[in-house]
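Working notes for the structure below.
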2 protein chains.
Amino acid sequence: MKATTRKIRDADATKARILAAAKSEFARVGLGGARVDEIAERAQANKRMIYHYFGGKEDLFKVVLEEAYLDIRNAEQALALDHLSPREALETLVRFTWQYYLDNPEFITLVNSANLHRGRHLEGSERLRVASRRFVEMVRDILERGAGEGTFRTGVDPVQLNITIAAIGYYYLTNRFTGAVMFERDYMSEDALEQRLAFNIDTVMRLVLA
Amino acid sequence: MKATTRKIRDADATKARILAAAKSEFARVGLGGARVDEIAERAQANKRMIYHYFGGKEDLFKVVLEEAYLDIRNAEQALALDHLSPREALETLVRFTWQYYLDNPEFITLVNSANLHRGRHLEGSERLRVASRRFVEMVRDILERGAGEGTFRTGVDPVQLNITIAAIGYYYLTNRFTGAVMFERDYMSEDALEQRLAFNIDTVMRLVLA
DNA sequence: TAGGTAACGCACTAGTTAGTTACTTACAAT
DNA sequence: ATTGTAAGTAACTAACTAGTGCGTTACCTA
């Protein structure tokens, strides 16, 4: 009956609720704007528990941030791009990156907040470094396979390509509010999103094709 | 002697000092993180003056933001790209955008902060809309001239191109802290900056060339 | 079933924070 | 020279904020 017993006290569940609430709050108003009391309330936990489990606001932010990055890196691995042709693999990656940002808007704001604070909340994370190395190797492999079969040109730096793939989706979405004012466009209509994705796939393909 | 008289009371000078201090503070720690007392102190002005001249923290942010955008739009116009060949004009724009971000790092953080707050501080700015329209027309003109002489392909959306030109520079710089942790690279060395700019010019050229 | 341990809650502190009140003082126009 | 007005100041306040001290209670294990 253990699984069905409604535990009044459940450390794991409380921790998870705090993390979820913190992710949402940090994403909504940034590290500086987030309020510990608000996170506690939304997590239906006592504020004391945040200090008990995580140490403090900044430590909580570190955990939220690392989780967010590990989550996208894991999702990328799950794509199994090495089973696809180089061309398909790259297009799949561009589409995935775009869709991930759309489905997880809090990821973008968390990353922005982390960088406003000069990345200091991520500095020690060896887990993230390992995951990132694997990711770069994955892209390098696609580029090498493509160059080998003659589809792609040689000499494309996988890190630069990664940055560009992220940039063309990320920038569009994170700056959509000021963009909408300046360019008097609806950035988020179905048509607009579709057009941007098509433009981005085109950009990346023209960049690597032989 | 008016010009050389050291006025103890000078509304314009005080306003300007407040604006400069606010720009720096908002850029450093965001709207939420900035402290009105700190801005007043750094401006060597009394906090009361901020409320007197600008109304409040958020109104001050609005002015800072609008100024920042108008500044880059003016600088772009000053490039006189219509005097260059389409190809040179576009490369000049890519180089300029990149260099502007490097020379005015506060611009990027201000824009990030504005978007974290869903662009609401910019919503009413007709001045910015006018300047942006002129900017889009400038890029459209380059693309049309290029297409006319056969250098560029047809059908490239100038707004999408603008977004991409901004994105590939902006993203690299704003996310350089988390990027440095993940990819174990120095984003800001002279070599790295030069390589990124070259990569970006290449990306844009491949995107538009016929 | 007894008791130790970890989960949890209340109420507080010490320091901040945006914004204001009530005042003084320089300056320019008359 | 006088004086109205705008520039400038200092000392508040009321609300907020991260973090904590200390006591209580549920749950697991021996």
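Below, chains carry the letters A, B, ... as their sequence lines are ordered, and counting in each starts from 1.
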Please, which pairs that meet ring pair (Phe, Tyr, Trp, His ring centres under 6.0 Å) have at least one residue in residues 41-64 of chain A, sequence neighbours excluded?
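Found A:F26-A:F61, A:F61-A:H121.
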Residue-level proximity of residues 16-35 of chain A to DNA chain D when a heavy atom falls under 4.0 Å
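Per residue number, the list reads A:A34, A:R35.
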Any residue of residues 37-59 of chain B with a heavy atom less than 4.0 Å from an atom of DNA chain D
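The answer is B:N46, B:R48, B:M49, B:H52, B:Y53.
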Say whether, by atom type as modelled, one donor and one acceptor occur between the side chain of [X] and the main chain of [Y] under 3.5 angstrom.
{"X": "B:N115", "Y": "A:T178", "answer": "yes"}
{"X": "A:R206", "Y": "B:V208", "answer": "no"}
{"X": "A:D10", "Y": "A:D12", "answer": "yes"}

Pairing residues for B:E126 by the salt bridge (Lys or Arg N to Asp or Glu O under 4.0 Å) criterion, not counting sequence neighbours
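Expected list: B:R129, B:R133.
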Does A:T14 put a side-chain nitrogen or oxygen below 4.0 Å from OP1 or OP2 of C:dA7?
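So the side-chain polar atoms of A:T14 never come under 4.0 Å of the phosphate oxygens OP1 or OP2 of C:dA7.
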Does a side chain donor of either A:S125 or A:Y69 reach within less than 3.5 Å of an acceptor in the other side chain?
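Looking only at side-chain atoms, A:Y69 and A:S125 do not form any donor-acceptor pair under 3.5 Å.
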Contacts of type ring pair (Phe, Tyr, Trp, His ring centres under 6.0 Å), residue B:F183, not counting sequence neighbours
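Checked B:F183 against ring pair (Phe, Tyr, Trp, His ring centres under 6.0 Å); zero matches.
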The criterion is side chain to side chain donor-acceptor pair (under 3.5 Å); which residues satisfy it with A:R28, sequence neighbours excluded?
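Testing A:R28 for side chain to side chain donor-acceptor pair (under 3.5 Å), a comparison that skips the adjacent residues, returns A:E25.
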